[in-house]
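Note that this is a predicted model, so its numbers are computed, not measured. Hydrogens, waters and symmetry mates play no part in the numbers below; they use all other heavy atoms, side chains included.
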Amino acid sequence: MGEFGELIGDPLDREFFDRPAEEVAPDLLGRVIAHGPVAVRLTEVEAYGLPGQDPASHVYRGRTERNAVMFGAPGHLYVYFTYGMHHCANLVCLPEGTGSAVLLRAGEVIRGAEVARARRAAAGNGNAVNGGAGDGGAGEGDAPPGGRSIPDRDLARGPARLAVALALTREHNGLDCCGSGPVRVFTGEPVSPELIRSGPRVGVSAGREIPWRFWVDGHPTVSPYRPHVPRQRT
DNA sequence: TTTCTGATCTTCT
DNA sequence: GAAGATCAGAAAC
């Protein structure tokens with residue numbers, strides 16, 4: 001024992017998140033977020049800033065029913081549904097009432113890879129991201145069509161995939177990650193500063209000049225940069 | 001390997 | 001009514 005314990009470390013306290021998102025984000029690299037049997041070591045994150053200041057942030061225009069959690073206490077989970085089929089998970093930063101968060105973009109599954117793979121396979125089978133969160137033990141999954149299995153590096157590569165691997169849905173919106181809840185964040189192994197890179201955020205149309213995307217240089221789980229492309233409807 | 005497109009639905013103006 | 005913090009598969013090269 002102890003193998004995973006050493007990899008995961010101690011739970012992060014609330015003070016860790018009581019800082020600006022652009023400061024918390026690079027510090028989150030190498031940290032571990034765990035939900036049930038699955039643990040993911042973060043390799044790519046994005047900071048989203050304050051109302052009226054960061055046009056790419058959900059809180060830019062102020063508080064709404066959807067983004068209310070971002071105005072809550074630090075260390076809480078903000079999960080939203082996007083593009084009609086995907087969930088994305090954030091960790092709230094700064095004191096209550098402020099409104100900022102860090103988007104979890106990608107990570108490396110260091111525990112529970114088979115459970116994560118089964119969740120990914122189930123989500124890819126046509127079911128939109130299916131929670132199934134409560135039961136931690138259901139690891140039995142059917143193989144993906146064609147017998148191809150998802151490589152470890154792709155299990156949590158991208159914000160929606162990471163949410164699936166950790167079985168995070170809107171049910172978990174507002175969950176406290178610094179308490180005794182099912183989702184926790186641990187110290188993990190902090191990444192040395194010379195390996196941390198920053199650049200423009202992926203897929204955002206506004207605020208693209210702000211280099212608040214942070215990733216571990218050369219890590220295979222980091223998603224490729226894709227600039228925002230407006231969708232055309234027929 | 002890279003580029004392009006369709007699927008899907010919530011949120012906000 | 002329009003846009004969106006995306007992804008997977010197909011087509012092109």
Side-chain angles (χ1 to χ4, degrees), chain A residues 21-22 24-25 28 42-71 77-93 99-107 116-117 119-131 143-151 153-174 198-215 220-234:
Chain A
E22 67 272 26
V24 173
L28 269 175
L42 298 172
T43 59
E44 183 185 359
V45 296
E46 284 178 359
Y48 285 88
L50 302 174
Q53 295 183 21
D54 181 4
S57 175
H58 281 182
V59 300
Y60 181 61
R61 297 176 191 278
R63 184 179 184 135
T64 66
E65 190 174 351
R66 177 169 75 152
N67 64 28
V69 171
M70 280 183 72
F71 290 89
L77 204 56
Y78 167 50
V79 184
Y80 66 90
F81 189 59
T82 188
Y83 285 93
M85 64 190 96
H86 298 304
H87 289 91
C88 296
N90 299 248
L91 287 167
V92 177
C93 300
S100 78
V102 175
L103 170 70
L104 310 181
R105 280 202 60 86
R117 204 184 314 276
R119 287 170 175 165
R120 287 288 312 282
N125 265 349
N127 303 339
V129 180
N130 185 353
R148 292 168 300 173
S149 74
I150 302 168
R153 59 187 294 181
D154 284 345
L155 285 175
R157 192 186 192 199
R161 293 164 167 179
L162 187 146
V164 172
L166 285 170
L168 296 176
T169 69
R170 276 179 296 183
E171 292 175 28
H172 305 94
N173 190 32
S198 68
R201 292 168 290 186
V202 175
V204 302
S205 54
R208 68 184 76 184
E209 71 282 359
I210 305 175
W212 279 359
R213 171 178 176 242
F214 302 91
W215 69 93
T221 62
V222 174
S223 56
Y225 174 72
R226 283 191 292 194
H228 174 76
V229 178
R231 297 178 56 234
Q232 295 184 359
R233 307 176 74 90
T234 54

Completion exercise
Among B:dA7, C:dT6, C:dA8, the one nearest any side-chain atom of A:M85 is B:dA7
Exercise for the section: Return the nearest nucleotide to the side chain of A:R170; candidates are C:dA5, B:dT11, B:dC12. Expected result: B:dT11
Whole angstroms only, please: what is the [atom1]-[atom2] distance between [X] and [N]?
X	N	atom1	atom2	answer
A:M70	C:dA5	CE	P	12 Å
A:L162	C:dA5	CG	P	18 Å
A:Y48	C:dA5	OH	P	7 Å
A:L103	C:dA5	CG	P	10 Å
A:H86	B:dC9	NE2	P	12 Å
A:Y60	B:dC12	OH	P	16 Å
A:N173	B:dT11	CG	C1'	14 Å
A:L155	C:dC7	CG	P	14 Å

Sub-3.5 Å donor-acceptor pair from the side chain of [X] to the main-chain atoms of [Y], do we have one?
X	Y	result
A:D54	A:Y60	no
A:S57	A:Y48	no
A:R201	A:G207	yes
A:R120	A:L155	yes
A:E46	A:V202	yes
A:E44	A:S223	yes

Practice task
Have a look at A:R201 and say if it touches a base, only the backbone sugar-phosphate, or nothing, with a 4.0 Å heavy-atom cut-off.
Solution key: nothing
Problem - Under 3.5 Å donor-acceptor pair, A:H58 side-chain atoms to C:dA5 base atoms - result: yes
Problem - Distance-only donor-acceptor test (3.5 Å): side chain A:Y83, base B:dA7 - result: no
Are [X] and [N] close enough that a side-chain N or O sits under 4.0 Å from OP1 or OP2?
X	N	result
A:R157	C:dC7	no
A:T82	C:dG4	no
A:R61	B:dC12	no

Practice task
Give the stems involving DNA chain B, where a stem is 3 or more consecutive Watson-Crick or G-U wobble pairs (i with j, i+1 with j-1, and so on) under 3.5 Å.
Solution key: B:1-7 with C:6-12, B:9-12 with C:1-4
Exercise for the section: Any chance you could lay out the side-chain contact (heavy atoms from CB on, under 4.5 Å) test for A:R213 and A:V222, step after step, and finish with the verdict? Expected result: CA-CA 11 Å; A:R213 171 178 176 242; A:V222 174; 3.6 Å; yes
Practice task
Can you label the angle between the A:Y78 ring and the A:H58 ring as parallel, tilted or perpendicular, going by 30° and 60°?
Solution key: perpendicular
Exercise for the section: Look up atom CG in A:L103 and atom CG in A:L162, then write down how far apart they are to the nearest 0.5 Å. Expected result: 9.0 Å
Handout entry: Interface with DNA chain C, restricted to residues 205-215 of chain A and to heavy atoms under 4.0 Å
Key = A:S205
Handout entry: With sequence neighbours excluded, residues passing side chain to side chain donor-acceptor pair (under 3.5 Å) with A:D154
Key = A:R157
Exercise for the section: Decide, applying a 5.5 Å centre-distance limit and a 30° plane-angle limit (both strict), whether A:Y80 stacks on C:dA5. Expected result: no
